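Everything below concerns the one structure shown next.
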Amino acid sequence: AAGVIQSPRHLIKEKRETATLKCYPIPRHDTVYWYQQGPGQDPQFLISFYEKMQSDKGSIPDRFSAQQFSDYHSELNMSSLELGDSALYFCASSSGLAGGLGIETQYFGPGTRLLVL
Amino acid sequence: QQQVKQSPQSLIVQKGGIPIINCAYENTAFDYFPWYQQFPGKGPALLIAIRPDVSEKKEGRFTISFNKSAKQFSLHIMDSQPGDSATYFCAASSNTGKLIFGQGTTLQVKP
């Protein structure tokens, strides 16, 4: 079965550079979530999109922005990178949005490991 | 402030043992409680999930027990195997869908 695809899998950047992470959800999934996981920590919710609209926002720095495109893939743009941004970034997708439709299972991608030097 | 508190932080059991991982939450708006398994360098994978209208759910060797009044839930792994060695996260979600994770439990199952 098709899974969530994330690219790149590994990324090395210098401080103050920019990075773009891409997420391709499972086919027919219309909801995308982004999470950040620091070493030895639990995943922290950053932002989510449903039907190309932002549906929720968590602890995402102002230096980060994200969007979901017409084909439902999503991109997380990170600017002015800091050492503390080094982490695993996961994208998850689901079919449908929580709330009136009920909670749908989130399927996680393999992650992008970002290292900021 | 950690909205979902998980314990223990680490756990070592012998093969065949029954590790138990506990989680507690405060926000009564949470209405979906999944457990995820994560291997090093991999994404979390859903194991089993429960809603508060059910007190127990079993899928294969994995069982969730849920106590709504105490706002606690736990994961039991029956007949644990070395291949179960991983980090386990409980999580909670409300109507927005975003997952709030516990701190994680690193499980080691010794042969």
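Computed from a predicted structure; not experimentally measured. In what follows, chains are A, B, ... by sequence order, proteins preceding strands, each numbered from 1.
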Step-by-step side-chain contact (heavy atoms from CB on, under 4.5 Å) determination, F89(B) to Q37(A):
CA-CA 12 Å; F89(B) 291 98; Q37(A) 186 176 29; 3.5 Å; yes
Residue pair Y35(A), F101(B): steps toward the ring-ring contact (aromatic ring centres under 6.0 Å, His included) verdict
CA-CA 11 Å; Y35(A) 295 86; F101(B) 286 88; 5.8 Å; yes
How far apart are the C-alpha atoms of Q38(B) and F90(A), what are their side-chain angles, what is the distance that settles it, and do they pass the side-chain contact (heavy atoms from CB on, under 4.5 Å) test?
CA-CA 12 Å; Q38(B) 186 177 31; F90(A) 290 107; 3.4 Å; yes
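For P44(B), the parts lying under 4.5 angstrom from a heavy atom of chain A are both the backbone and the side chain. Contacts of L99(B) with chain A are made by both backbone and side-chain atoms, with heavy-atom separations under 4.5 Å. Proximity to chain B is limited to the backbone of Q41(A), based on heavy atoms less than 4.5 angstrom apart. Looking at P110(A), the atoms closer than 4.5 Å to chain B (heavy atoms on both sides) all sit in the backbone: N, CA, C or O.
More than 12 heavy atoms of other residues, nucleotides or ligands shown are found within 6.0 angstrom of CG on D71(A). Within a 6.0 Å radius of CD in E59(B), other residues, nucleotides and ligands contribute more than 12 heavy atoms. Applying the 6.0 Å contact sphere to NZ of K42(B) captures no more than 12 heavy atoms from other residues, nucleotides or ligands. More than 12 heavy-atom neighbours from other residues, nucleotides or ligands sit within 6.0 angstrom of NZ on K52(A).
The structure places NZ of K98(B) at 11.5 Å from CD of Q106(A), a figure rounded to the nearest 0.5 Å. One distance of note links SG of C90(B) with CG of D42(A); it measures 9.0 Å at 0.5 Å rounding. Rounded to the nearest 0.5 Å, atoms OG (S93(B)) and CZ (F45(A)) are 9.5 Å apart.
Cluster annotation: Y89(A) is not connected to Y107(A) through the hydrophobic network of ILVMFWY side chains, with a link wherever side-chain heavy atoms come within less than 4.5 Å. Cluster annotation: Y50(A) and Y24(A) are assigned to distinct hydrophobic clusters (Ile/Leu/Val/Met/Phe/Trp/Tyr, side-chain heavy-atom contacts under 4.5 Å, transitive).
With sequence neighbours excluded, the residues forming a side-chain contact (heavy atoms from CB on, under 4.5 Å) with E14(A) are E17(A), L117(A), listed by chain and number. Partners of R63(A) according to the side-chain contact (heavy atoms from CB on, under 4.5 Å) rule, which considers only residues two or more places apart in sequence or in another chain, are P61(A), S79(A), S80(A), E82(A), D85(A).
Between F108(A) and Y36(B), the ring centre distance stays below 6.0 Å.
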